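Below: one structure, written as structure tokens.
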2 protein chains.
Amino acid sequence: MRLVIARCSVDYVGRLTAHLPMAPRLILIKADSSVSIHADDRAFKPLNWMNPPCKIREEDIDGSLTWSVIHGKTGEKLVLTIEEILHDSSHELGIDPGLQKDGVEAHLQELLAEHITTLGDGWTLVRREYMTAIGPVDILCRDHLGGSVAVEIKRRGDIDGVEQLTRYLELLNRDPRLAPVKGIFAAQEIKPQARVLAADRGIDCVILDYDGLRGIEPENPTLF
Amino acid sequence: MRLVIARCSVDYVGRLTAHLPMAPRLILIKADSSVSIHADDRAFKPLNWMNPPCKIREEDIDGSLTWSVIHGKTGEKLVLTIEEILHDSSHELGIDPGLQKDGVEAHLQELLAEHITTLGDGWTLVRREYMTAIGPVDILCRDHLGGSVAVEIKRRGDIDGVEQLTRYLELLNRDPRLAPVKGIFAAQEIKPQARVLAADRGIDCVILDYDGLRGIEPENPTLF
DNA sequence: GTGTTCATCTCGCAC
DNA sequence: GTGCGAGGTGAACAC
């Protein structure tokens, strides 16, 4: 990884056209040749960048330094014009062991499938990721009377999720072995608008208690 | 901006729980106190980060360096345990003049509004951003016969955009001053599935020629 | 490869 | 503040 602090201007031509006026910035050049330009705020997003795979060509034209970064597949172009280099250092980092995550949608699905009776006594799991022509339904199960129920799981329940479940239900209800199929929209948090739309479509809403499903004290986790 | 290359492990507890094992990485500490941890690949996304507003507390416990970053509003926590610092430098950058963009949806909307006859001879603009209860319709106009037309503009036309326009049309058609309202889905590129759904809903699709609208040679832009 | 969906999405804007 | 939509979204996973 090469760290450069420099006064530079940047031009990007690709999915859009963008320009950064001359100013001091951080330029990150990583081992995969990807380049990102950072200002002195915002943790997440660089001002400008080029994703791998790409190639960097360094040129010295009329005493002004120019770095051209070209994407290998799309031909997108990022051109840095450098007026003054204030810092330049390189470091060997090696490949990263990577991030270990917990608490995402897949895990919610897993937990709810394991504890399907959370939705009602006597309910049984048919299967997770029940395949349909337009995609997999998160969970297909049966209620205590044997009626089919399709469950759509989201971390945060939005209007889109209700639309998605609606499309699944429309399709599933064409299958005589399943019909009639009820819908349940399950999420850790459901937006009011999504709740209204769900009610209008005859879909029940269920709030998922992540920690409860894990059987852990429902308390804010602390590190130390 | 402070640049630190260090062997570190990272724990994040907040919207999810995540852990990075001990390894050499870049730690960026910006002027707004935001922190991001980068591996030696991927231009865009840090391995881990904390957005502003946040506070950093540095501690030296049992000879091992610990940086705790806590978000000011949500209480999210990022804890860095540092084993060895390989590089540490600070740089004054000042505030950035910012990115100038061109070619986004707003500009497409502007251009199409200016050249509304692109959609048909004798068509007239009613207004851009026509407000409804569920949000603004990109363009409302009238065709050569005076019939109302709602236009949804996207850079890339996806199934979501068709759903969105459908909701607007449903609402607009309840207004007796406007009904019946036709729909047009306009984008630089329209996905086949979106096209099928639009056809099914009686919505016309129009491909927007960005350079054509600008009156510029429809050629790939090159920098030099 | 293309398509679909998730994300600690981030970010901006309007109400 | 909250909601909604855009993003050069990026990234992962299925087909």
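Chain A is the first sequence line, chain B the second, and so forth, proteins listed ahead of strands; every chain is numbered from 1. Worth saying up front: this structure is predicted, and the values here are computed from it rather than measured.
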In whole angstroms, how far is the [atom2] atom of [N] from the [atom1] atom of [X]?
| X | N | atom1 | atom2 | value |
| --- | --- | --- | --- | --- |
| R167(A) | dT4(C) | CZ | C1' | 11 Å |
| D96(A) | dA11(D) | CG | C1' | 16 Å |
| R195(B) | dG3(C) | CZ | P | 13 Å |
| I153(B) | dG5(D) | CD1 | P | 16 Å |
| E76(A) | dG7(D) | CD | C1' | 13 Å |
| D138(A) | dT5(C) | CG | P | 11 Å |
| L197(B) | dT4(C) | CG | P | 11 Å |
| D41(B) | dG10(D) | CG | C1' | 13 Å |

Practice prompt. Classify the side-chain pair T118(B)/H115(B) by whether it contains a donor and acceptor separated by less than 3.5 Å.
Written response: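 On atom types as modelled, these side chains do not qualify, holding no pair under 3.5 Å.
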Item to complete: Flag as yes if F44(B) stacks onto the base of dG10(D) (centroids under 5.5 Å, planes under 30°), otherwise no.
Response: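 The ring of F44(B) is not stacked on dG10(D).
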With a 4.0 Å limit, can you tell me whether [X] has a side-chain N or O closer than that to the phosphate oxygens OP1/OP2 of [N]?
| X | N | answer |
| --- | --- | --- |
| K77(A) | dG8(D) | no |
| W49(B) | dC9(C) | no |
| R15(B) | dT10(C) | yes |
| K45(A) | dC11(C) | no |
| R42(A) | dC9(C) | no |
| N51(A) | dG8(D) | no |
| K101(B) | dG7(D) | no |

Worksheet item: Looking only at atom C1', what distance separates dA7(C) and dA6(D), rounded to whole Å?
Response: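 Those two atoms are separated by 15 Å.
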Practice prompt. Take atom C1' in dC6(C) and the same atom in dG7(D), then report the distance between them in whole Å.
Written response: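 Each nucleotide's C1' atom is 15 Å from the other's.
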Worksheet item: When all nucleic acid strands are considered with a 4.0 Å heavy-atom cut-off, which category describes L99(A): base, sugar-phosphate, or nothing?
Response: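 Since a base atom lies under 4.0 Å of L99(A), the category is base.
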Worksheet item: When rounded to the nearest 0.5 angstrom, what is the spacing between NZ in K73(A) and CG in N51(A)?
Response: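 Nearest 0.5 Å value for the NZ-CG distance: 12.0 Å.
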Worksheet entry | Point-to-point distance, once rounded to the nearest 0.5 Å, from OG of S148(A) to CG of L172(A) |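 Reported value, rounded in 0.5 Å steps: 8.0 Å.
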Discussion item. Among dG5(D), dG10(D), dT5(C), which nucleotide has an atom closest to any side-chain atom of Q164(A)?
Written reply: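 Of the candidates, dT5(C) comes closest.
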Item to complete: Specify the residue among E152(B) and K73(B) whose closest nucleotide of DNA chain D lies further upstream toward the 5′ end.
Response: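 Final value for this comparison: K73(B).
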Item to complete: Could you say whether N48(A) or A43(B) is positioned toward the 5' end of DNA chain D, judged by the nucleotide with the nearest heavy atom to each?
Response: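 The residue whose closest nucleotide sits nearer the 5' end is N48(A).
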Closest heavy-atom pair and its distance - [X], [Y]:
| X | Y | value |
| --- | --- | --- |
| C54(B) | S34(B) | SG-CA, 3.9 Å |
| L165(B) | F185(B) | CD2-N, 4.0 Å |
| A150(B) | V181(B) | N-CG1, 3.8 Å |

